[in-house]
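Below is one structure; the comments refer to it alone.
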Amino acid sequence: MLLAGCVAGPDYRKPEVEVPVSWQLEQPWRQASPGDAEAKGPWWRRFDDPTLDALQERALANSPTLDLASARLAQARATLAGAESGRSPQLGLGSRASRLKISANRPLTNYATNNYSTVQNDFALTLVASYELDLAGRVQRTVEGASASAAQSAADLENTRLLLTADLASAYFSLRATDLELDVVARSIEVQRRALQFVTDRHEGGAVSGLDVAQQQALLDNTLTQVDLLKRLRSQFEHAIATLTGTPAPNFALAPDIQPLRPPAIPLGVPSDALERRPDVAAAERAMAAANAQIGVATAAFYPSVNLLPTGGVDSRSLSTLFDAQSVLWSIGVSATQTIFDGGRIRANVDFTKAGYDATVASYRRVVLTAMQEAEDGITGLASLERAAAQSQTAVASARRVLDMSASRYEGGATTFLDVITAQQALLNIERQAAQLSGQRMLGTVFLVKALGGDWCGVEARGAGGGGTSARTDCPAPLRQVVGTR
């Protein structure tokens with residue numbers, strides 16, 4: 001009974017991990033204080049894009065990856081329920097009904113008494129119970145491990161949902177950025193065709209040589225080639241979106257959309273927020289707790305296993321007297337088993353579980369460091385993309401002025417047509433770069449949301465923090481005064 005107060009194996013203590021006090025912020029960032037207690041709602045609604053909202057709903061409803069994670073969570077919860085059943089007595093009801101003949105030639109039990117052959121009935125109804133006295137805490141540690149595993153599966157489900165929605169948003173904004181590039185190329189083709197017609201007319205009038213026509217035609221042909229390459233890239237993003245939403249790729253299509261891409265602002269808290277919010281960090285921490293409990297389960301094998309085995313029932317040769325007082329039978333007993341020698345098997349199991357726990361600790365530290373890296377990459381990356389996007393707009397305006405000046409000088413005979421071609425190519429490249437930067441800013445925002453573990457507002461959030469049209473008023477004040485891109 002003194003052993004009943006002991007539980008084998010170490011109690012779980014979460015390892016300490018060094019976490020920086022703040023992020024390395026660059027302009028235009030400043031640190032905010034998001035509310036970690038808020039529910040993690042549909043973060044994609046911050047982008048205020050109805051098409052993306054509809055795609056995300058389809059993905060959450062139809063994704064086989066999410067269904068797989070949900071099934072694993074159901075399995076883990078069923079395992080927990082099975083482990084908790086070990087805390088209760090196990091009851092079994094047995095019955096027997098038979099007619100038997102006893103041999104007259106059976107071995108004698110008493111030499112002074114003769115054996116006789118008899119034919120009789122046997123009716124029995126018994127209630128059997130068993131209960132393990134958890135002296136070494138094996139059942140308790142098993143329940144602790146199953147509970148931690150169930151929590152880990154729940155965190156894995158949240159992580160799967162976060163990754164699914166982030167991958168879908170990334171594919172969607174990549175497609176949108178490709179649409180913008182296709183629009184840039186289409187407008188450039190129109191300009192280049194007009195230029196080709198212009199130099200062709202001048203060539204036919206004898207004002208210029210055929211070289212100008214050939215150069216412009218080569219530029220146009222090269223630009224037309226880029227259209228096919230971009231369309232191929234767009235189809236790949238479209239097929240990825242179809243798969244993520246659980247739709248066969250041949251049955252899925254998205255119409256082109258060339259609306260400007262404006263990323264929303266993302267609130268930043270202290271780095272410990274990432275540890276509290278990221279589901280992969282939570283899953284890694286619960287895996288440590290489960291592994292620690294397994295050490296206790298393995299260690300409990302060193303101690304005796306004690307079971308109470310009471311039995312009660314009735315037994316009679318006639319159904320009419322089955323429930324008479326004289327038909328009652330019962331027994332009570334205790335079964336105890338103690339391993340004396342096993343060749344080191346139990347010790348090996350304990351060493352194995354301890355090594356498994358050390359592995360989960362190393363995995364937890366790796367996940368935490370990765371979380372810090374991804375968040376810091378997202379913060380610094382968005383700041384750099386913000387500055388690059390602003391500079392690209394200036395570059396586009398400058399390239400357009402260069403093209404206008406080159407065309408005017410060519411028409412006045414002050415320069416060759418090569419300057420015009422060079423200006424056209426430069427404008428096309430700079431405008432495509434601006435479209436690419438627009439898409440990269442959206443991807444960077446999605447990456448940062450994923451790195452920070454999701455949204456800070458509830459399910460009604462939409463467009464909060466900038467870039468949207470309707471911010472929630474019930475979000476905490478620090479969320480509405482967020483940091484982010486201009």
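- With hydrogens and angles ignored, the 3.5 Å screen pairs a side-chain donor or acceptor of S63 with a backbone N or O of T65.
- We find that D49 and R176 are joined by a salt bridge, their nearest charged nitrogen and carboxylate oxygen being less than 4.0 Å apart.
- Look at R278 and E374 and you find a salt bridge, because one of the NZ, NE, NH1 or NH2 atoms lies within 4.0 Å of a carboxylate O, short of that distance.
- Atom CZ of residue R234 and atom CD of residue E181 lie 12.5 Å apart, to the nearest 0.5 angstrom.
- For the pair K231 and V227, the minimum side-chain heavy-atom distance is below 4.5 Å.
- Heavy atoms of other residues, nucleotides or ligands lying less than 6.0 angstrom from CZ of F302 number more than 12.
- Counting only distance, with no hydrogens or angles, the side chain of Q90 and the backbone of S88 share a donor-acceptor pair below 3.5 Å.
- More than 12 heavy atoms of other shown residues, nucleotides or ligands fall within 6.0 angstrom of atom CZ in R432.
- Counting heavy-atom neighbours within 6.0 Å of R106 CZ, excluding the residue itself, gives a total above 12.
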Go through the steps to decide whether R286 and S149 satisfy the test side-chain hydrogen bond (donor to acceptor under 3.5 Å, both in side chains), and finish with yes or no. CA-CA 7 Å; R286 288 292 83 197; S149 295; over 6 Å; no
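- Not one N or O on the side chain of N159 forms a donor-acceptor pair closer than 3.5 Å with the backbone of A155.
- T243 places a side-chain N or O within 3.5 Å of a backbone atom of H239 that can act as its donor or acceptor partner.
- Counting heavy atoms from C-beta outward, R99 and V119 have side chains that approach closer than 4.5 Å.
- Between atom CD of residue Q259 and atom CG of residue D179 there is a gap of 11.0 Å, rounded to the nearest 0.5 Å.
- A 4.5 Å side-chain heavy-atom check between R161 and E158 finds at least one atom pair inside the cut-off.
- Nearest heavy-atom pair across A289 and A148 is CB-CB, 3.8 Å.
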Going through the checks in order, is the side-chain hydrogen bond (donor to acceptor under 3.5 Å, both in side chains) test met by Q140 and E144? CA-CA 6 Å; Q140 178 178 336; E144 289 176 1; 3.2 Å; yes
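- Residues A76 and S153 come closest through the heavy atom pair CB-OG, 3.3 Å.
- Remark: side-chain polar atoms of S363 are not paired, donor with acceptor, to backbone N or O of A359 under 3.5 angstrom.
- Between L308 and S130, the closest side-chain pair of non-hydrogen atoms is not below 4.5 Å.
- With E431 contributing its side chain and V184 its backbone, the two residues share no donor-acceptor pair below 3.5 Å.
- Proximity of T51 to L254: side-chain heavy atoms (C-beta onward) are separated by under 4.5 Å at one or more points.
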Quick one: do N292 and M288 satisfy side chain to side chain contact (heavy atoms under 4.5 Å, CB included)? Show the steps, please. CA-CA 6 Å; N292 184 82; M288 286 191 300; over 6 Å; no
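- No donor-acceptor distance shorter than 3.5 angstrom exists from the side chain of S438 to the backbone of A434, with no hydrogens or angles considered.
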If you apply the rule side chain to side chain contact (heavy atoms under 4.5 Å, CB included), what do you find for W44 with L55, and how did you get there? CA-CA 10 Å; W44 55 88; L55 291 173; over 6 Å; no
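- In this structure, T445 contributes its side chain and R441 its backbone to a donor-acceptor pair below 3.5 Å.
- A donor-acceptor pair under 3.5 Å is formed between the side chain of S392 and the backbone N or O of A389.
- Residues Y172 and F237 place their aromatic rings such that the two centres sit no closer than 6.0 Å.
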Quick one, L52 with Q56, criterion side chain to side chain contact (heavy atoms under 4.5 Å, CB included). Give me CA distance, side-chain angles, the key distance, then yes/no. CA-CA 6 Å; L52 177 61; Q56 295 284 13; 3.8 Å; yes
With side chain to side chain contact (heavy atoms under 4.5 Å, CB included) as the criterion, how do V314 and F123 come out once you've worked through the C-alpha distance, each side chain's angles and the decisive distance to 0.1 Å? CA-CA 8 Å; V314 289; F123 301 100; over 6 Å; no
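- No more than 12 heavy atoms of other residues, nucleotides or ligands lie within 6.0 Å of CD in Q326, so this atom counts as exposed by the packing criterion.
- By the 6.0 Å contact criterion, CG on L127 is enclosed, its count of non-hydrogen atoms from other residues, nucleotides or ligands being greater than 12.
- Ion pairing between a basic and an acidic side chain is recognised when a charged N comes within 4.0 Å of a carboxylate O; E132 and R138 show such pairing.
- Checked for salt-bridge contact, R96 and D315 meet the test: a charged N lies under 4.0 Å from a carboxylate O.
- Just one residue in the list D324, T321, D122 forms a side-chain hydrogen bond (donor to acceptor under 3.5 Å, both in side chains) with S316, and that residue is T321.
- Shown here for S170 and L443, the closest heavy-atom pair between the two residues is O-CD2, 3.2 Å.
- Counting heavy atoms from C-beta on, the side chains of L329 and T126 come closer than 4.5 Å.
- Note: N349 CG to Q294 CD = 10.5 Å, rounded to the nearest 0.5 Å.
- Looking at heavy atoms from C-beta onward, P279 lies in side-chain contact with L162 at the 4.5 angstrom threshold.
- For the atom pair CG (N121) and OG (S98), the distance works out to 7.5 Å, reported to the nearest 0.5 Å.
- In this structure, the side chains of F323 and V328 stay at 4.5 Å or more apart for every pair of heavy atoms.
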If you apply the rule side-chain hydrogen bond (donor to acceptor under 3.5 Å, both in side chains), what do you find for T311 with W330, and how did you get there? CA-CA 5 Å; T311 302; W330 60 268; over 6 Å; no
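- Partner of L168 under the side chain to side chain contact (heavy atoms under 4.5 Å, CB included) criterion, out of L163, V446, T245: T245 alone.
- A146 and A83 make their closest contact through CB-CB, 3.9 Å (heavy atoms, listed as atom of the first residue, atom of the second, distance).
- Counting only distance, with no hydrogens or angles, the side chain of T160 and the backbone of D156 share a donor-acceptor pair below 3.5 Å.
- With respect to the salt-bridge test (charged N to carboxylate O, under 4.0 angstrom), the residues R87 and E84 do not qualify.
- Interatomic distance, CG of L233 versus CG of L229, reported as 9.0 Å (0.5 Å rounding).
- Put simply, CZ on F252 and CD1 on I241 are 5.5 Å apart, with the number rounded to the nearest 0.5 Å.
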